[in-house]
Amino acid sequence: MGELLVDGGRCQGHARCWALAPETFEIDEEGYAHVIPGRENSGDEPNVRKAIRNCPERAILERETNEASEKASEVSAS
Amino acid sequence: MSTETERGLSHNKSDFDFHGRSLDNIFDEYQDILANGPVGHSNKYGGFWYITKSEDIFNAEQDPDTFAVGPSMLLPAFGTDVPLIPIDIDPPAHADFRKILLPMFTPMNISKLTPGMRETAQQLCQEVLTAGDVVDVSAKLARPMPTIIFSRLAGYPEQDWPIFDRWIDEIIYERTAHPETAYAAGRELNDYFDRLLDEREKAGPGADASNDLITQLLKAEVKGRKLTREELLSYCYLLFLAGLDTTAWAIRSALWYLAGNPQAQQQLREDPDLIPTAAEEFLRTLSPVQAMARTAKKDTVVRGQEIKAGERVVLVFGAGNRDPEVYEEPNDIKIDREDNRHLAFGGGIHRCLGSNLGRAEMVIAMEEFLKAVPHFERANDDEPWHGVGPLTLKIGA
């Protein structure tokens, strides 16, 4: 489990994450999603898992925090 | 030629179509295509490759450099050969045009409209109830609701609304059998917006402090300049067709399903919190946008099949939405399905701009209809699941 982030290059503003897990995701003025500051570690919560599985652009990523690797990898849908 | 290519072509459907009466049995067709030849070539509409697997559609949408929208995402055209903004515009010009209206369609902005939407839905549902025991709910709710809501948002004067259904019927639904009818209606629609823009420009900005879509387009700048009249007309033309027809179909198809499934109807009445989840399932399985076109910009290969630069490609969202590799029991409509990453609004840079509005209208229409109408069933089994034609229901039976 790593730090949640929304890949701004992939997000297209479907806002499914906000509909399913509004306690973790917010939408900016152009409609793009972001993780609410302080909620980067909520990836285990059922609503967030559901948001990850339903993101049409597969844009919700998880960054490994315990490794030197800064590369974000897509969270498994399962 | 690879084995996979040979197998695909041996099951090729050269008459594959996704319009009109072809939609009657298209779900059986999808199942066959997905199992036996998920990429193939149809001779319809000048010829096109069809792509049906969810993963292949997703990949194509993420790759606009290979799968361009120009000359048109619509196949056949929507009563005009002018590229429609923003759906027929490729990068790099696309982003600037799309950005103009993005803030208007955020979920927060749409939620400001929901009290008005609910009031409209309630009024229309009351009219359904007073119309008798057998009622066409397409004419009474599914079509007027998006017309009223989108027209207010866009800034179309109320006296003009009665003519809108005919333009939609002729441009969208007559275009396959009678393209000349679609083009004639397209010219009328274009002239209508030309007059409307004249009036709005004459009235000047800020006269009534209105903040509708037409005002936004008139104020907008792209690369430091205002939009030309041609660009404004193109944008208005697209918004009109996208804002009215798709939502009407979505509401109608949801009611069509519920009218035939009293158990689902009862479940949603008892647990209205489930309605947004059910709406996603109806969008997945009965979506108003079954397919959209692209054009290959360079030679490419999809699932072993070569596609040449310049060839037309159709992304069959409706088939991808029933792909057994993605969905359990894909052809079953489960109103409580939770994992539902579907393609009804498309994806990538051309994702439906109005998806948050369309969803809200659909959910509110279902909520208010189920609240107002105690029980309903289909009165005419010949009426198909698709389109915006009549949906005759027996009310309160």
Side-chain angles (χ1 to χ4, degrees), chain A residues 1-40 42-63 71-78, chain B residues 54-55 57-59 61-64 86 94-96 98-111 273 275-277 279-281 283-284 287 317 320-321 325-328 336-360 363:
Chain A
M1 192 52 52
E3 207 172 278
L4 279 178
L5 79 154
V6 177
D7 181 342
R10 286 189 177 198
C11 176
Q12 296 292 347
H14 296 253
R16 300 312 294 147
C17 57
W18 175 82
L20 294 165
E23 62 286 342
T24 290
F25 299 97
E26 61 187 358
I27 304 290
D28 68 22
E29 283 184 356
E30 288 196 323
Y32 297 107
H34 304 272
V35 175
I36 295 172
R39 296 290 295 163
E40 294 85 355
S42 63
D44 275 341
E45 295 174 16
N47 282 355
V48 177
R49 306 309 302 168
K50 209 196 275 188
I52 291 166
R53 290 196 300 269
N54 279 277
C55 174
E57 308 292 345
R58 311 178 196 181
I60 305 170
L61 311 178
E62 198 175 29
R63 183 162 35 202
K71 195 172 158 28
S73 61
E74 192 189 346
V75 178
S76 161
S78 58
Chain B
S54 177
E55 192 71 19
I57 295 168
F58 177 82
N59 289 335
E61 289 194 299
Q62 302 296 322
D63 184 7
H94 169 263
D96 286 333
R98 184 175 168 95
K99 220 158 72 183
I100 296 168
L101 293 187
L102 269 178
M104 299 285 285
F105 289 99
T106 63
M108 286 72 68
N109 227 20
I110 296 305
S111 69
D273 290 348
I275 290 175
T277 308
E280 293 306 309
E281 182 69 342
L283 286 167
R284 179 182 75 85
S287 167
F317 303 135
N321 279 342
E325 266 190 84
V326 180
Y327 308 97
E328 282 175 32
D336 57 355
R337 191 185 291 269
E338 288 203 336
D339 290 346
N340 212 341
R341 175 189 268 164
H342 61 68
L343 302 160
F345 294 106
I349 60 170
H350 291 285
R351 185 268 305 177
C352 171
L353 186 65
S355 66
N356 295 306
L357 173 63
R359 281 187 161 106
V363 167

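In what follows, chains are A, B, ... by sequence order, proteins preceding strands, each numbered from 1.
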Measure the shortest side-chain to side-chain distance between B:F345 and A:P56 over non-hydrogen atoms and say whether it is less than 4.5 angstrom. no
Does B:R341 use its side chain to pair, donor to acceptor, with the backbone of A:E57 at less than 3.5 Å? no
Looking only at heavy atoms, what is the nearest atom pair of A:G13 and B:N356, with distance? O-ND2, 3.8 Å
Indicate the atoms forming the closest heavy-atom contact of B:D339 with A:N54, along with that distance. C-OD1, 3.8 Å
Minimum-distance pair of heavy atoms, taken over all atoms of A:D28 and B:T106: O-CG2, 4.0 Å
So what's closer than 4.5 Å to chain A heavy atoms on B:N340: side chain, backbone, both or neither? both
Spatial distance of atom CD (A:E30) from atom CG (B:L102) [nearest 0.5 Å]: 6.0 Å
Examine whether an atom of B:E280 lies under 4.5 Å from a heavy atom of chain A, and if so say whether it belongs to the side chain, the backbone or both; otherwise answer neither. side chain
To the closest 0.5 Å, what do you measure between NE2 (A:H14) and CZ (B:R359)? 8.0 Å
Residues A:R58, B:E55: salt bridge by 4.0 Å N-O rule: yes
Between B:I349 and A:Q12, does a side-chain contact (heavy atoms from CB on, under 4.5 Å) hold up when you go through it step by step? CA-CA 7 Å; B:I349 60 170; A:Q12 296 292 347; 3.7 Å; yes
Proximal component of B:F105, with respect to chain A [non-hydrogen, under 4.5 Å]: neither
Determine whether a donor-acceptor pair (N or O, by modelled atom type, separation under 3.5 Å) exists between the side chain of B:N109 and the backbone of A:E29. no
